[in-house]
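Since the structure comes first, as structure tokens, the remarks are kept for the end.
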Amino acid sequence: MKNYVIGIDYGTDSARAVLVDCSNGQTLSSSVECYPRWAKGLYCDAPTQQFRQHPLDYLECLEKVLSSVISECPDPSAIRAISVDTTGSTPCFVGADARPLSLLEEFSQDPDAMFVLWKDHSAAKESELITRLCAEHEPNYACHTGNDYSPECFWTKVLHILRTNPKVRDAAVSVIEECDFITATLTGVKDYRDIKPGHCAAGAKHLWAQEWGGFPPEEFFRSVDPILLPILHNLNSDNRTCDQVAGHLCPQWAEILGLSTDVVIGYGNIDSHSGAVGAGITDGTIVMNIGTSACYMAVVPKEKLGGRIIDGVFGQVDDGILPGMVGFEAGLSAFGDAFAWLKKTLCWPMASLAASPDCTPEMEAVLKKAQDELLVRLTEQAQALPLSLDAPLATDHLNGRRTPSPDGSLSAGFAGLRITTSAPELFRAIVEAVCFASRRVIDYLEENGVDCSRLVAVGGISQKSPYVMQTLADVMGRRVEVSACKDSCAMGAAVYASVAGGVWPDVVTAQKNMCALSAREYTPDESKKEIYDQRYARYKALVTFCEQL
């Protein structure tokens, strides 16, 4: 008898579901839906680094992607389990009924009542405060996030909104992480006390750790701001790894989807962690999840580390990624977003003209086509440029730095610009910058005893940009494989679902049966090694200079 599972991946821009045959990992059906409100830029304010998403985007996409893949299932009665991964930390304030406040009429247009997206950096001041107070304790409560508690993390975002929005503060009973919200939705949770948090998000983003018994003690939160205490008291500190059962499909969603309430729902996970599992991560293999940002994941047997914390790594969690191992999350706060910044900057005149009341539909179509094709043209021109030691150089910190030594306030810099510098040269400098930063991350992990023998890339850029991937291999001087699985995050969720649903006994066994091999390899061009080594040294010097500024 066949056994099927569904993995759902909530990314920055869209939700994707895959229907997978557990016996061989074959994807029978996939479906993707973009968030409609997010696509319009609603509830966001880029100058203040505010990025919010409405829960209706999540719920509407959830129904569409699930209904789509189930409609193509050979036997829906053979679907055993559903699991989800999402961006993180992406929290939202909820009422006593565990529903996001923005689903209430009075909060429906209030961004503070919506999900605060992972890359929202509006809580920079709160990040500095919590980081400083964490360091006053032994152990440092931020030791699992590189001794820096980022604006991208849970408590900074919670504190910022509690301090700045009294209306939300008065109505909020608790806070839910995005991955836990989807799980709670599918299992029909109606009470905030029944929210079942996943271990990966709690350990990597919430200051939760076994060595201090869960969250830091109440006295710590009181020293940060007593305003946090009501939320702290209403959070469930009892979390579980993603291979375990959070509940079963509730009657409401079973009716919507045409499935049985026997379908198991697994605990939620963070997308980068799930993508690592979907790409077959194991000790010695680094999975490089390259998208809007870049998350480089590693696992190490606990006995190898002996309880040691690696300073400066954004996330280190026991039983994170793979149960029984120490999971690491390193990476870059902007990868594809760095390219998107340049595109947006260069396209400003075209976007301005397109928004003009004098713009005809024909002109608008031409302008849109030009904007859509810009990165393609930049890529063509950039890869044709000769490699030069003195070419323009950039750092990658357009959204701060994640690893090593997290610093959300760090900004990017350019050097070597001249009046003759072209747009393709700027683009190449940014491509090289994210590749130099990636090399620094891998170097740092190896310096601290993490085996980085094999590099496997997943994510949209790894699938779509041979130029970026070849530059990555050249800069790093290493072979880089690209996973054959195009939907590795959703596949990772499916792997977890297969274990939660009882099809496979553990995640490693499920990976061996369900995860695809690499589809393509990029090998370094040795003729470029000397120049790239020298440019890498200059990149590190430019980073130091920008830090001092």
Side-chain angles (χ1 to χ4, degrees), residues 5 7-11 16-18 20-22 24-27 30 83-88 200 204 242-243 269-300 315 317 320-323 325-332 335-336 438 441-442 445 450-465 468-469 472-473 476 478-499 504 506-522:
V5 291
I8 312 169
D9 167 46
Y10 276 84
R16 181 182 304 273
V18 293
V20 178
D21 184 336
C22 294
N24 55 18
Q26 180 184 2
T27 297
S30 66
S83 288
V84 62
D85 69 76
T86 73
T87 63
C200 285
C242 302
D243 55 340
N269 197 5
I270 296 175
D271 54 355
S272 56
H273 297 211
S274 186
V277 170
I281 193 169
T282 188
D283 182 26
T285 296
I286 307 298
V287 174
M288 309 173 74
N289 196 329
I290 302 173
T292 53
S293 66
C295 293
Y296 299 161
M297 316 303 295
V299 292
V300 178
V317 183
I321 308 178
L322 290 183
M325 304 188 83
V326 182
F328 291 90
E329 175 187 346
L332 287 63
F335 199 106
S438 300
V441 171
I442 300 303
L445 290 174
V450 177
D451 185 353
C452 303
S453 302
R454 180 174 176 238
L455 305 180
V456 178
V458 298
I461 291 176
S462 71
Q463 301 284 344
K464 299 174 183 177
S465 182
V468 172
M469 297 309 299
L472 184 64
M476 300 185 76
R478 295 169 178 263
R479 183 181 66 178
V480 180
E481 303 173 37
V482 176
S483 173
C485 181
K486 294 182 179 180
D487 303 318
S488 61
C489 293
M491 178 59 73
V495 169
Y496 282 123
S498 73
V499 180
W504 296 112
D506 54 64
V507 175
V508 173
T509 303
Q511 283 180 300
K512 290 177 180 178
N513 287 276
M514 297 175 64
C515 294
L517 300 175
S518 298
R520 185 171 183 177
E521 294 183 359
Y522 292 89

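- For the atom pair R479 CZ and S518 OG, the distance stands at 8.0 Å (nearest 0.5 Å).
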**Request:** Under the side chain to side chain contact (heavy atoms under 4.5 Å, CB included) rule, what do I290 and L472 come out as? Steps first, then yes or no, please.
**Result:** CA-CA 11 Å; I290 302 173; L472 184 64; 4.1 Å; yes

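- A distance of 13.5 Å separates CE of M288 from OG of S483, quoted to the nearest 0.5 Å.
- Scanning both residues, C489 and S274, for their nearest heavy atoms gives O-OG, 2.7 Å.
- Considering only heavy atoms from C-beta on, I281 comes within 4.5 Å of Q511 through its side chain.
- When all heavy atoms of G280 and C515 are compared, the pair lying nearest together is N-SG, 4.2 Å.
- Note that CD of E481 and OG of S462 are 12.0 Å apart. Values are rounded to the nearest 0.5 Å.
- Scanning both residues, E329 and A204, for their nearest heavy atoms gives OE1-CB, 4.5 Å.
- What you find for Y522 and A473 is that their closest heavy atoms are O-CB, 3.7 Å.
- Taking CZ of R454 as the start and CD1 of I286 as the end, the distance is 11.0 Å to the nearest 0.5 Å.
- Taking all atoms of both residues into account, the shortest heavy-atom contact from V5 to A494 is CG2-O, 3.5 Å.
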**Request:** Any chance you could lay out the side chain to side chain donor-acceptor pair (under 3.5 Å) test for S438 and Y296, step after step, and finish with the verdict?
**Result:** CA-CA 9 Å; S438 300; Y296 299 161; 2.6 Å; yes

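- For the pair W504 (side chain) and C22 (backbone), a donor-acceptor distance under 3.5 Å is present.
- Y496 has its side chain within reach of V507: a pair of non-hydrogen atoms, C-beta onward, lies under 4.5 Å apart.
- Contact check for D243 versus D506: no side-chain heavy atoms found under the 4.5 Å cut-off.
- From I461, atom CD1 reaches atom OG1 of T292 across 8.0 Å, with rounding to the nearest 0.5 Å.
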**Test side chain to side chain contact (heavy atoms under 4.5 Å, CB included) applied to M297 and S272, step by step** = CA-CA 7 Å; M297 316 303 295; S272 56; 3.9 Å; yes

**Item:** Verdict with supporting geometry, H273 and D85, side chain to side chain contact (heavy atoms under 4.5 Å, CB included)
**Value:** CA-CA 8 Å; H273 297 211; D85 69 76; over 6 Å; no

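- Counting all heavy atoms, side chain and backbone alike, D271 lies closest to N289 at O-ND2, 4.1 Å.
- Two residues are said to be in side-chain contact when any heavy atoms from C-beta on lie closer than 4.5 Å; D451 and D283 meet this criterion.
- Expressed to the nearest 0.5 Å, how far NZ of K486 lies from CZ of R16 amounts to 10.0 Å.
- Inter-residue side-chain proximity for M491 and T27 is flagged as met; some heavy-atom pair is nearer than 4.5 Å.
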